[in-house]
Q: 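Sharing a structure, written as structure tokens. Questions coming.
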Amino acid sequence: MSAVRVRFAPSPTGFFHIGSARTALFNWLYARHTGGTFVLRIEDTDKERNSEQFVDLIYNSLKWLGLNWDEGPQVGGAFGPYRQSERAHIYKEYLEKLKAAGRTYEKDGATWFKLLGERHEVFDDHRKKTVTKVKVAPTVIDDLIRGRVERLEDEDFVIVRSDGNPVFHFVNVVDDIAMQITHVIRGEDHLSNTSKHVELFKAFGAPVPQFAHIPLILKSPEMGQGKMSKRDKGALVEEYQQKFFLPEALVNYISLLGWNPGDDREKMPVAEIVRLFELSGVNQSNAKFDGKKLANMNMTYLLEQPAERFLALAREYFATQPNNAAVTANEAYFREIMLLAQPKIKSIDDLGAYTGYFFTEDFAIDPKVKEKVMAKGDPKARLAELIAALPAMDFSSDAAIEAALKALAESKGLGFGDYQAVARLAVSGTNAGPSITSLFRVLGRERVQARFARFLAA
RNA sequence: GCCCUCAUCGUCUAUCGGUUAGGACAGGAGAUUCUCAAUCUUCAAAGCGGGGUUCGAUUCCCCGUGGGGGCACCA
């Protein structure tokens with residue numbers, strides 16, 4: 001068996017979305033699993049809709065996801081160039097082969113691919129025009145995921161437009177031949193096109209690659225009906241990058257859309273996915289995208305990040321935030337706060353909201369929380385007692401603070417909770433956060449004291 | 001309209017003809033806790049319909065139905 005060569009061939013006509021990422025991932029996984037070659041090819045033949053900005057986005061998204069390519073733009077390879085806009089001479093050469101074989105003709109200024117068989121005219125009432133049908137046997141597609149699929153390809157089709165530009169079906173097949181692609185792994189939306197491609201491969205006398213049409217990713221029920229498109233919220237890889245999702249969490253999640261390891265495992269390191277990935281394990285039905293499950297996956301990854309990685313991500317995140325008080329904060333202070341936040345947040349981009357009050361005295365008091373806290377007992381009195389106790393309190397550790405607070409509560413015949421809620425509100429403006437003892441210790445006596453006083457005065 | 005394709009909890013999925021149809025996310029309840037999360041326990045939740053084949057079908061076949069995709073001088 002010859003070495004596996006797969007390709008991911010996006011067209012830079014829009015943003016890079018989850019569906020593209022999954023197609024790229026499955027190609028990459030298969031290449032890595034088999035020790036084959038993963039080729040990146042940019043299908044930029046549609047001059048109208050292409051943009052260099054989208055080309056860069058493809059590179060950036062793939063790199064962010066960790067899907068490195070062995071051949072393609074930026075890295076080169078023996079079958080370049082890897083952008084279709086630079087391969088015109090190759091298409092010309094292949095077109096000549098087809099012409100020489102008598103498989104083309106000119107009509108309306110375009111070049112058409114000629115199917116073999118008897119011709120007859122027929123009126124197509126859906127398209128409302130007369131078309132020429134060719135009497136042919138059905139094209140057989142042997143698909144690694146779908147099984148045997150037959151489709152009647154019975155009309156000649158354009159391969160070079162009247163403006164001289166070759167069309168997708170043609171360049172796609174030429175490139176797959178020229179780049180010696182062995183497995184075409186792509187979305188099921190291409191299954192109907194595949195009969196055209198198979199006929200072209202045969203016309204070139206080239207071996208037909210193995211096809212593997214993977215199921216599509218559909219909108220989640222909240223997003224509506226149909227396949228997920230670039231316009232859907234949450235559909236763009238870029239969004240997750242900007243929200244500082246962990247790329248390995250996204251990769252893990254999308255690997256589970258249409259594939260599974262054959263047992264109950266879901267969270268797996270990518271190396272394990274590579275080890276287990278088989279095309280035969282890819283299922284046939286479309287999957288709906290579930291942002292909640294992705295978010296959960298991201299959280300579980302976040303929880304187990306080593307401190308240094310988490311801190312690096314946190315710094316990257318704060319660097320993009322307009323309020324950069326956290327960026328200029330004392331290094332040790334920043335570190336301590338972030339490590340308190342890590343086990344609590346669901347996503348890196350919660351960090352701003354979750355830790356804001358550590359970095360400014362001008363933090364908001366949540367009115368709903370305030371109402372709730374102030375309704376129970378006599379919180380102002382508790383706060384006054386805390387203020388009185390604070391100067392003598394041992395701030396050296398969480399345990400010391402806890403002991404002091406418990407002693408205070410006990411001396412008044414009250415519970416820890418009677419002090420905790422109001423203290424937290426005064427010091428952070430919210431009811432969510434690290435333990436009150438950590439809050440005291442990290443903020444320090446002076447800040448706590450000042451915030452208590454300010455809260456009482458307000 | 002024509003062609004292709006798919007069909008298990010709300011969602012992602014397991015099941016190689018015989019299971020109390022399992023797991024995960026989301027949801028409910030509880031435990032734990034100084035709050036909020038996390039965590040743990042627990043509850044609810046599925047074989048689209050109809051025919052076959054078979055001793056026995058979620059599983060195999062057919063027909064419906066429903067979903068998805070495609071039918072360009074887009075990719």
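Lettering of chains follows the sequences in order, A, B, ..., and the numbering in each one begins at 1.
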Q: Please state whether the phosphate of G70(B), meaning OP1 or OP2, lies under 4.0 angstrom from any side-chain nitrogen or oxygen of K227(A).
A: yes

Q: Quick check against the 3.5 Å criterion: does H33(A) have a side-chain atom that pairs as donor or acceptor with the backbone of R275(A)?
A: yes

Q: Nearest-Å distance, CG (N260(A)) to P (U11(B))?
A: 17 Å

Q: Less than 3.5 Å between a donor and an acceptor, one on the side chain of K344(A) and one on the base of C36(B), is that the case here?
A: yes

Q: What about R146(A), does its side chain sit under 3.5 Å from the base of U5(B) through a donor-acceptor pair?
A: no

Q: Rounding to an integer number of Å, can you tell me how far Y301(A) OH sits from C25(B) C1'?
A: 15 Å

Q: Is any side-chain N or O of Q284(A) closer than 4.0 Å to OP1 or OP2 of U5(B)?
A: no

Q: Categorize G187(A) for me: base, sugar-phosphate, or nothing, with a 4.0 angstrom heavy-atom threshold over every strand shown.
A: nothing

Q: Looking at the side chain of L303(A), which of A38(B), G70(B), A26(B) is the nearest nucleotide?
A: A38(B)

Q: So if I take every side-chain heavy atom of A287(A) and compare against C73(B), C25(B), C12(B), which nucleotide ends up nearest?
A: C12(B)

Q: Rounding to a whole Å, what distance do you find between N286(A):CG and G66(B):P?
A: 17 Å

Q: Expressed as a whole number of angstroms, how long is the span from N283(A):CG to U15(B):P?
A: 10 Å

Q: Quick check on A75(B): is either OP1 or OP2 less than 4.0 Å from any side-chain nitrogen or oxygen of N172(A)?
A: no

Q: Please tell me if the side chains of K133(A) and E155(A) come closer than 4.5 Å, counting only heavy atoms from C-beta onward.
A: yes

Q: Measure from the side chain of I436(A), starting at C-beta and using heavy atoms only, and say which of A75(B), C34(B), C73(B) lies closest.
A: C34(B)

Q: Checking all strands, does L257(A) fall into the base, sugar-phosphate, or nothing category for heavy-atom contacts under 4.0 angstrom?
A: sugar-phosphate

Q: Looking at E266(A) and G23(B), is any side-chain donor or acceptor paired with a base atom of the opposite kind under 3.5 Å?
A: yes

Q: If the P atom of G28(B) is compared with that of U33(B), how far apart are they to the nearest Å?
A: 23 Å

Q: Check this for me: does the side-chain of K293(A) come within 3.5 Å of the base of A26(B) through a donor and an acceptor?
A: no

Q: So what does G226(A) touch, heavy atoms closer than 4.0 Å: a base, only the sugar-phosphate, or nothing?
A: sugar-phosphate

Q: Rounded to whole angstroms, how far apart are CE on M268(A) and P on G23(B)?
A: 18 Å

Q: Please determine whether any donor N or O and acceptor N or O are separated by less than 3.5 Å between the side chain of S192(A) and the base of C71(B).
A: no

Q: Among A75(B), C34(B), A24(B), find the nucleotide with the atom closest to the side chain of F168(A).
A: A75(B)

Q: Starting from P on G70(B), measure out to CZ on R151(A) and report it in whole angstrom.
A: 12 Å

Q: Any idea which of A14(B), G69(B), C4(B) is nearest the L191(A) side chain?
A: C4(B)

Q: Pick base, sugar-phosphate or nothing for H213(A), based on heavy-atom distances below 4.0 Å to the nucleic acid.
A: nothing

Q: Ignoring the backbone of V158(A), work out which of G68(B), U35(B), C73(B) is nearest its side chain.
A: C73(B)

Q: Give the rounded distance in Å between these two atoms: CD1 of I345(A) and P of A38(B).
A: 13 Å

Q: Give me the distance, rounded to whole Å, that separates A24(B) from A45(B) when you measure between the C1' atoms they each carry.
A: 14 Å

Q: What is the distance from CG of D290(A) to P of C25(B), rounded to the nearest Å?
A: 11 Å

Q: When we call it a touch if two heavy atoms are under 4.0 Å apart, what does E155(A) touch: a base, just sugar-phosphate, or nothing?
A: nothing

Q: Are R22(A) and F26(A) in a cation-pi contact, defined as NZ or CZ under 6.0 Å from the six-membered ring centre and within 45° of the axis?
A: yes

